[in-house]
Amino acid sequence: MTAPGGSAVTRFLQVHAQVMNQAFELLRGGPATAAPPAPATMPPPATTPAPATTAEPDAASDVPGAPAPTVPAAGGWPLSRIQRELWLLDRLGPDYSRAYWEGVLIDLRGQLDLAAMRSAVAGVLARHDVLHAVIDPDGSGQRTVPEVPDVTVADFTGKAGPDQARQLAAWHQVRAMEVPDLSSRPPVRAVILRIAERHHQLYLGVHHAMIDGWSFDVVLSEVAAGYEGAVSGRPAALPAPVQYREHVAWERRREAGPAFQDSLRYWREQFADGIPVPALPSALPSARPSAGGRKLGVVRHPVEADVAAQLPGMAARAGVTEFTVLLGAYGHLLHQLCGQADLVIGVPFARRGYPGGERVVGNCATTIPVRSRADGAATVGDYLRALRGTLAAAHEHPDFSIASLRDRVPMGDGAGGQVFAVLFNLDRAAGLPSPGGLQVSVSAASRMFAKAALVFDILIAERDIWLTAEYNADIIEPAVAQAYARAYGHVLRRFVAGPAEQLSQVRLTDDGDLCPADGAGSAAEAAESAQAAPGEIEAALWALHMM
C-alpha cells in the first residue's frame with residue numbers, strides 16, 4: 001500500500017479545491033470570482049422569491065481555490081451546500097446523475113381510486129416548491145416553475161405471468177438509465193403502474209439534489225392523507241409546508257455563526273493526522289477497474305431472529321444504543337477485512353434542527369466521518385462505549401465539510417480515492433397507513449450505479465432486522481459481498497452474546513478470519529494501479545460524494 005500522500009491519486013485529492021474551481025469555472029462558462037462571505041439574511045416568506053443581494057457564505061471559501069459562492073438569478077434562491085456538489089457531479093456526465101436518482105416503489109393492493117391517487121400525488125408535488133423547481137444552468141441558484149410534474153399512468157394489464165414480469169423489469173431498467181435534466185424541468189417522475197384490477201404500484205423518482213430519505217417519508221405520509229381525504233370526502237388538514245428555501249436560509253445563517261466555525265475546528269483537529277480511509281480487499285485484481293467505475297451490486301441478508309431479539313437488551317446493559325451496536329459490528333468487520341486499526345465510516349446525519357425542520361422536503365442530509373479505532377485488548381463493551389462517545393461528539397459538530405479539510409490534512413488512498421469508501425445507515429420501518437382500505441408496502445426502486453465501495457443499510461421492521469449491502473461490483477465480486485454480509489451477521493451475534501469478550505477474539509467466521517481470494521489485493525490498489533491522469537481527476541471529483 002502506498003503511503004498517504006505518496007500516490008498520484010492522493011496528490012490529486014490534495015489539490016481537490018483547485019480542480020473543483022477549474023471545473024466550476026468551465027461549467028459555468030467563465031471564471032468564478034472569489035467574494036468574501038457576507039452576512040446571511042432571512043428570506044421573505046416562502047410565497048415570495050428571496051432577493052439575491054449577497055454572495056452566499058460558504059465554509060469552503062477559506063480553502064484556497066474553492067468555488068466562489070454564487071448569486072441566484074432574480075426570482076430564485078441559492079443552492080444548499082449539498083446541492084452545489086450534486087449539481088457539479090451532474091455536469092460531469094450521465095452516470096453521475098444516474099447514481100443520484102432516488103426512487104421508491106409503493107405497492108398498492110385493493111380497490112384503487114385512480115383519479116383520487118393521481119390528485120393526491122399531484123397535490124403533494126405542488127405543495128413543496130423544491131418538487132417543481134429547476135437549477136439554473138450555471139449552478140447559481142434554483143427557482144420554481146409553474147408546471148407541476150405530471151402524474152402519468154402505465155398500463156401492464158395486457159400481459160400476465162412471466163411476460164408481465166419481463167415488461168415491468170424492462171420498464172424499471174429504462175427508469176434507472178434515464179438522465180434527469182436539472183435545468184430544463186423538475187427532476188421528478190411520478191407514475192402509477194396498473195398491474196391488475198386490484199393491484200397497482202406508485203413509482204416516485206426524484207434526483208437527490210431535491211430529496212433525501214427523510215423527505216420521502218414526508219411525501220408518502222402526505223400522499224396517504226390526501227388520498228384518504230379524496231376518497232372519504234373529508235379533505236386532509238395538513239399543516240402548512242416548511243419550504244426547502246427556509247432550510248437553505250437556516251444553513252446560511254448557521255454558516256455565518258460561531259457554531260459552524262467550531263464544527264470546522266473540531267473536524268480539523270480530529271483528522272490532523274490524516275483521514276484513515278478503509279482499503280477493502282478485492283477479489284478482482286485483474287479487472288483493473290477505473291476508480292470511477294461504480295456498477296451497483298446488492299445483497300440482502302436477514303439478521304437471525306434470536307440475535308435481533310437480544311439486541312435491545314444487550315445495548316441497554318452495555319449503556320449504548322442499538323444503532324451503536326449495529327454500527328460497531330460493521331466497524332469490527334471492516335477492521336478485520338482491511339487489517340486496519342483506525343478507519344472512517346461515513347454515516348448520514350439529518351440537518352433539521354430548526355422549527356418545522358421535520359416537515360421539510362428537500363435534501364437536508366450530510367455525511368459525517370465516524371472514526372472507529374480497534375484496540376484488540378479492549379472488550380466489545382469498551383469498543384462500543386468509545387464509539388458511543390465518538391457519535392455523541394459528531395452529533396454536537398454536524399457541520400462537516402470535505403472541502404475545508406481537503407488541502408489541510410493528508411488522506412489515505414482509500415478505495416479509488418473516496419473519502420467515504422464505506423457507509424452505514426439505519427432505518428426503522430414506520431407503521432404504514434392504509435388509505436382507503438389499501439394494503440401498502442414500500443421498497444426502493446431499481447438503481448444501477450453504486451455511490452461507494454460498500455454500503456451497509458440496516459432496516460429494523462418490528463421484530464425483524466434486514467441488512468442490505470450495496471457494493472461497487474467493479475471492485476468486489478458478488479460472492480465476496482455475500483461473504484461480507486454473512487460475516488456481519490456472525491460478528492453481530494458475537495457482540496450481542498458477549499459484550500465482555502475481548503475484541504481480538506471476535507472472528508468473522510467460526511473457523512477463522514474471512515480472507516480475500518488468493519492473490520487479491522485491496523480495492524484501492526486495484527483501482528489505483530489502473531489510472532492515468534484523466535482517471536485520477538475523475539477519482540478526485542468523485543470523492544465529493546455526500547449521501
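Nothing here was measured: the structure is a model prediction, and the numbers come from that model.
For the residue pair Ala485 and Val299, the shortest heavy atom distance occurs at CB-CG1, 4.0 Å. Taking all atoms of both residues into account, the shortest heavy-atom contact from Gly356 to Val242 is O-CG2, 3.7 Å. Listed here is the closest heavy atom pair of Pro278 and Cys338: CB-SG, 4.0 Å. The minimum heavy-atom distance linking His397 with Ile368 is given by the pair O-CD1, 4.4 Å. Taking all atoms of both residues into account, the shortest heavy-atom contact from Arg245 to Trp77 is NH2-CZ3, 3.1 Å. Listed here is the closest heavy atom pair of His335 and Gln340: ND1-O, 2.6 Å.
Inter-residue side-chain proximity for Leu508 and Leu337 is flagged as met; some heavy-atom pair is nearer than 4.5 Å. Looking only at side-chain heavy atoms (C-beta outward), Glu102 and Val206 stay at 4.5 Å or farther from each other. A 4.5 Å side-chain heavy-atom check between Val248 and Trp250 finds every atom pair outside the cut-off. Taking the side chain as every heavy atom from C-beta outward, Leu492 and Val325 approach each other to under 4.5 Å. Side-chain contact check for Leu467 versus Tyr488: some heavy-atom pair is nearer than 4.5 Å.
A donor-acceptor contact under 3.5 angstrom links the side chains of Tyr244 and Ser80, judged on distance only. Side chains of Thr509 and His490: a donor-acceptor N/O pair is absent below 3.5 angstrom, by distance only.
A donor-acceptor distance shorter than 3.5 angstrom exists from the side chain of Asp474 to the backbone of Lys295, with no hydrogens or angles considered. A donor-acceptor pair under 3.5 Å is formed between the side chain of Arg385 and the backbone N or O of Ala318. Side chain of Thr390 to backbone of Ala386: a donor-acceptor contact under 3.5 angstrom is found. When atom types are taken as modelled, the side chain of Arg254 and the backbone of Ala259 share no donor-acceptor pair closer than 3.5 angstrom. A distance-only check finds a donor-acceptor pair linking the side chain of Gln142 to the backbone of Pro78 [under 3.5 Å]. Counting only distance, with no hydrogens or angles, the side chain of Asn363 and the backbone of His208 share a donor-acceptor pair below 3.5 Å. A donor-acceptor pair under 3.5 Å is absent between the side-chain atoms of Arg493 and the main chain of Val303, judged by distance alone. Asn425 places no side-chain N or O within 3.5 Å of a backbone atom of Asp427 that could act as its donor or acceptor partner.
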Residues Arg81, Glu251; criterion salt bridge (charged side-chain N to carboxylate O under 4.0 Å, His left out); working and verdict: CA-CA 8 Å; Arg81 174 183 301 280; Glu251 183 180 79; 5.1 Å; no

Test log, rule side-chain contact (heavy atoms from CB on, under 4.5 Å), inputs Leu454 and Leu423: CA-CA 7 Å; Leu454 186 65; Leu423 298 157; over 6 Å; no

Asp136 vs Leu79, side-chain contact (heavy atoms from CB on, under 4.5 Å): CA-CA, chis, key distance, verdict: CA-CA 10 Å; Asp136 293 328; Leu79 300 182; over 6 Å; no

Step-by-step salt bridge (charged side-chain N to carboxylate O under 4.0 Å, His left out) determination, Arg428 to Glu322: CA-CA 11 Å; Arg428 294 182 183 271; Glu322 294 174 43; 3.5 Å; yes

Worked check of side-chain contact (heavy atoms from CB on, under 4.5 Å) between Val380 and Leu384: CA-CA 6 Å; Val380 169; Leu384 293 177; 4.0 Å; yes

Pair Leu280-Val422, side-chain contact (heavy atoms from CB on, under 4.5 Å): steps then yes or no: CA-CA 9 Å; Leu280 284 166; Val422 296; 4.0 Å; yes

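Remark: Asp90 pairs with Ser97 by the side chain to side chain donor-acceptor pair (under 3.5 Å) rule, at least two apart or across chains. Under the side chain to side chain donor-acceptor pair (under 3.5 Å) criterion, Arg494 pairs with Glu501, not counting sequence neighbours. Qualifying side chain to side chain donor-acceptor pair (under 3.5 Å) partners for His247, counting only residues two or more places apart in sequence or in other chains: Tyr354.
Atoms CG and CZ, from Leu333 and Arg486 in turn, are 12.0 Å apart once rounded to the nearest 0.5 Å. Within the model, atoms CZ of Phe349 and OG1 of Thr366 stand 9.5 Å from one another, a figure rounded to the nearest 0.5 Å. Residue Ile465 holds its CD1 atom at 5.5 Å from CG of Leu326, rounded to the nearest 0.5 Å. Distance CG/Leu296 to CG/Asn472: 8.5 Å, rounded to 0.5 Å. Atom CD of residue Gln482 and atom CD of residue Glu477 lie 10.5 Å apart, to the nearest 0.5 angstrom. Interatomic distance, Glu358 CD to Asp217 CG, rounded to the nearest 0.5 Å: 12.5 Å.
Below 30°, between 30° and 60°, or above 60°: for His207 and Tyr100 the angle between ring planes is between 30° and 60°, a tilted geometry. Using bins of under 30°, 30° to 60° and over 60° for the plane-to-plane angle, the ring pair His332/Phe495 lands in the tilted bin.
In summary, Asp399 and Arg265 do not engage in a salt bridge, as defined by a charged side-chain N under 4.0 Å from a carboxylate O.
Ring centers of Tyr330 and Phe456: under 6.0 Å apart, within the cut-off.
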